[in-house]
Amino acid sequence: MATTLIDLYDTLLLDLDGVVYLGRQPVKGAPEALTRAGDTGVRLAYVTNNASRTPAAIAEHLVSIGVPATPDDVVTSAQAAARMIAERVPKGSAVLVVGGMGLRSAVRGQGLRPVTTAADAPVAVVQGISPDLSYALLSEGALAVRQGAWFVAANGDTTMPTNRGVLPGNGAMTRVIATATGVEPVSAGKPEPPLHRESMLRTGAEKPLIVGDRLDTDIEAATRAGVDSLLVLSGVTGPLDLLVAPPEHRPTHIGTDVSAVHLPPAPVTGEGDEWVREGWVARWESGELRLKGEGDPLDGLRAACAASWAHAGDGRADKAALTHVMAALSP
């Protein structure tokens, strides 16, 4: 019988930004938790929508902050996007890369030829986040798409968390070419299937747990793939986001951070409109969700989420009905 979450799975498919690190700094406790996880024999795979860096560069960063990793442990949306293109076009085809070294390396790794101008007649334009993305390169991408090149986005994240705050993500930047051409990109990253497929191919996972901080990418990706998920609160998602989540954004487990994999599963019991978890009771009364209890507020959030999701069914809970819950969860 499983005593901790990690006992239930053979592979952790870990998001990076907001789960393992924020910018260049580790999330508190993440290095220790992941080292301990690796020592149990569970496979650690770092699955990121960020396409700016190569797997080797990401692994080097992880090791520098105390997280066990090799380049083979890293799966990027750049790799998923490059595979998508390579499965559709002949080897050696020109692909215009609107992004950084990670994307160029992934394209080259699939036997394709990365280029930087529309004059090279690329068969595809692939775009990923890069801190030095220029107007000139975006313009070349727009010209190529207008000429008929297939437009692929490494991912559609509109934002990304950093230690400085939330910054624009690749999904926001792809709007430049999409708006200029009227052509929407096909996305390879979470929550779309290509990145999950890439992760499965590279890890051989049979019972994976997706660990992430975003409902619309990490958790939706798990839902689409039919695998379990752990939502951690160390990144962009807050309690209210969870309480009003639609079915595809509802995680299997909720934790403060990635160290939750070393804690026992936290089931919530429910009957009718009342849901209970470790001294917390969430109950619907006169159209409002009420939450009472004491102890770990995370258990209160778990009970409230179960009650909110059950009440909402296939829809979303009304934020106005959650005022009491949010007050009860506030320190």
Side-chain angles (χ1 to χ4, degrees), residues 1-9 12 18-19 27-29 33 37 207-216 218-223 225-331:
M1 181 177 178
T3 57
T4 63
L5 280 186
I6 207 167
D7 297 326
L8 300 172
Y9 306 99
L12 300 182
V19 176
V27 170
K28 184 178 179 181
K207 184 64 175 175
L209 175 68
I210 291 180
V211 184
D213 71 310
R214 298 183 69 107
L215 301 178
D216 59 347
D218 305 308
I219 306 309
E220 185 173 334
T223 302
V227 300
D228 287 356
S229 60
L230 166 64
L231 186 284
V232 295
L233 298 170
S234 51
V236 301
T237 298
L240 185 58
D241 302 315
L242 273 169
L243 288 163
V244 300
E248 66 272 18
H249 292 172
R250 296 169 187 170
T252 313
H253 312 286
I254 303 169
T256 301
D257 52 49
V258 71
S259 64
V261 299
H262 299 297
L263 299 177
V268 177
T269 58
E271 183 175 345
D273 281 343
E274 182 174 289
W275 296 80
V276 179
R277 169 67 198 168
E278 289 292 320
W280 291 87
V281 178
R283 180 187 296 110
W284 284 95
E285 298 177 1
S286 302
E288 183 180 25
L289 184 58
R290 313 288 293 185
L291 178 65
K292 297 180 181 180
E294 57 184 19
D296 188 348
L298 185 60
D299 284 322
L301 177 61
R302 288 167 174 147
C305 283
S308 180
W309 298 342
H311 188 78
D314 291 335
R316 291 175 178 265
D318 183 358
K319 290 183 180 180
L322 304 173
T323 304
H324 180 271
V325 170
M326 294 304 297
L329 293 173
S330 296

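At a threshold of 4.5 Å between non-hydrogen side-chain atoms, the residues Leu301 and Cys305 count as touching. Residues Asp296 and Glu278 fail the side-chain proximity criterion, which asks for heavy atoms closer than 4.5 Å. Under the 4.5 Å side-chain criterion, counting only non-hydrogen atoms from C-beta, Met326 is in contact with Leu240. Side-chain atoms of Asp218 and Leu231, non-hydrogen and from C-beta on, never get closer than 4.5 Å to each other. Using a 4.5 Å heavy-atom cutoff, the side chains of Trp309 and Leu242 are in contact. Between Leu215 and Glu220 there is no side-chain heavy-atom pair separated by less than 4.5 Å. Side-chain contact between Val281 and Glu274 is present, with heavy atoms from C-beta onward closer than 4.5 Å. At least one side-chain heavy atom of Lys207 sits under 4.5 Å from a side-chain heavy atom of Asp228.
Across all their heavy atoms, Trp280 and Glu294 have their closest contact at NE1-O, 3.2 Å. Minimum heavy-atom separation, Leu322 to Ala317: CD1-CB, 4.3 Å. Of all non-hydrogen atoms in Asp257 and Lys28, the two that sit nearest each other are OD2-O, 4.2 Å. Looking at every heavy atom in both residues, Ala312 comes nearest to Arg250 through CB-NH2, 4.0 Å. Closest heavy-atom contact between Val211 and Val19: CG1-CG1, 4.0 Å. The two residues Ala304 and Val325 come nearest to each other via the heavy atoms CB-CG1, 3.8 Å.
From Leu291, atom CG reaches atom CH2 of Trp275 across 14.5 Å, with rounding to the nearest 0.5 Å. The structure places OG of Ser308 at 11.5 Å from NZ of Lys319, a figure rounded to the nearest 0.5 Å. Taking CZ of Arg283 as the start and NE2 of His324 as the end, the distance is 11.0 Å to the nearest 0.5 Å. Taking CG from Leu263 and CG from Leu298, the interatomic distance works out to 9.0 Å, rounded to the nearest 0.5 Å. Note: His262 NE2 to Thr3 OG1 = 11.5 Å, rounded to the nearest 0.5 Å.
Between Trp284 and His311, the ring-plane angle classifies as parallel under the 30° and 60° cut-offs.
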- Task: Start with the C-alpha gap between Thr223 and His249, add the side-chain angles, then the distance that decides, and say whether side-chain contact (heavy atoms from CB on, under 4.5 Å) holds.
- Result: CA-CA 7 Å; Thr223 302; His249 292 172; over 6 Å; no
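Within 6.0 Å of atom CD in Glu285, more than 12 heavy atoms from other residues, nucleotides or ligands are found, so the atom counts as buried in its surroundings.
A distance-only check finds no donor-acceptor pair linking the side chain of Arg214 to the backbone of Val236 [under 3.5 Å]. Looking only at distances, a side-chain donor or acceptor of Ser234 sits under 3.5 Å from a matching main-chain atom of Gly18. Formation of a donor-acceptor pair under 3.5 Å by the Arg302 side chain with backbone atoms of Ile254 is found in this model. Using modelled atom types, no side-chain atom of Ser229 and backbone atom of Ile219 make a donor-acceptor pair closer than 3.5 Å.
A donor-acceptor pair shorter than 3.5 Å cannot be found between the side chains of Thr237 and Asp241.
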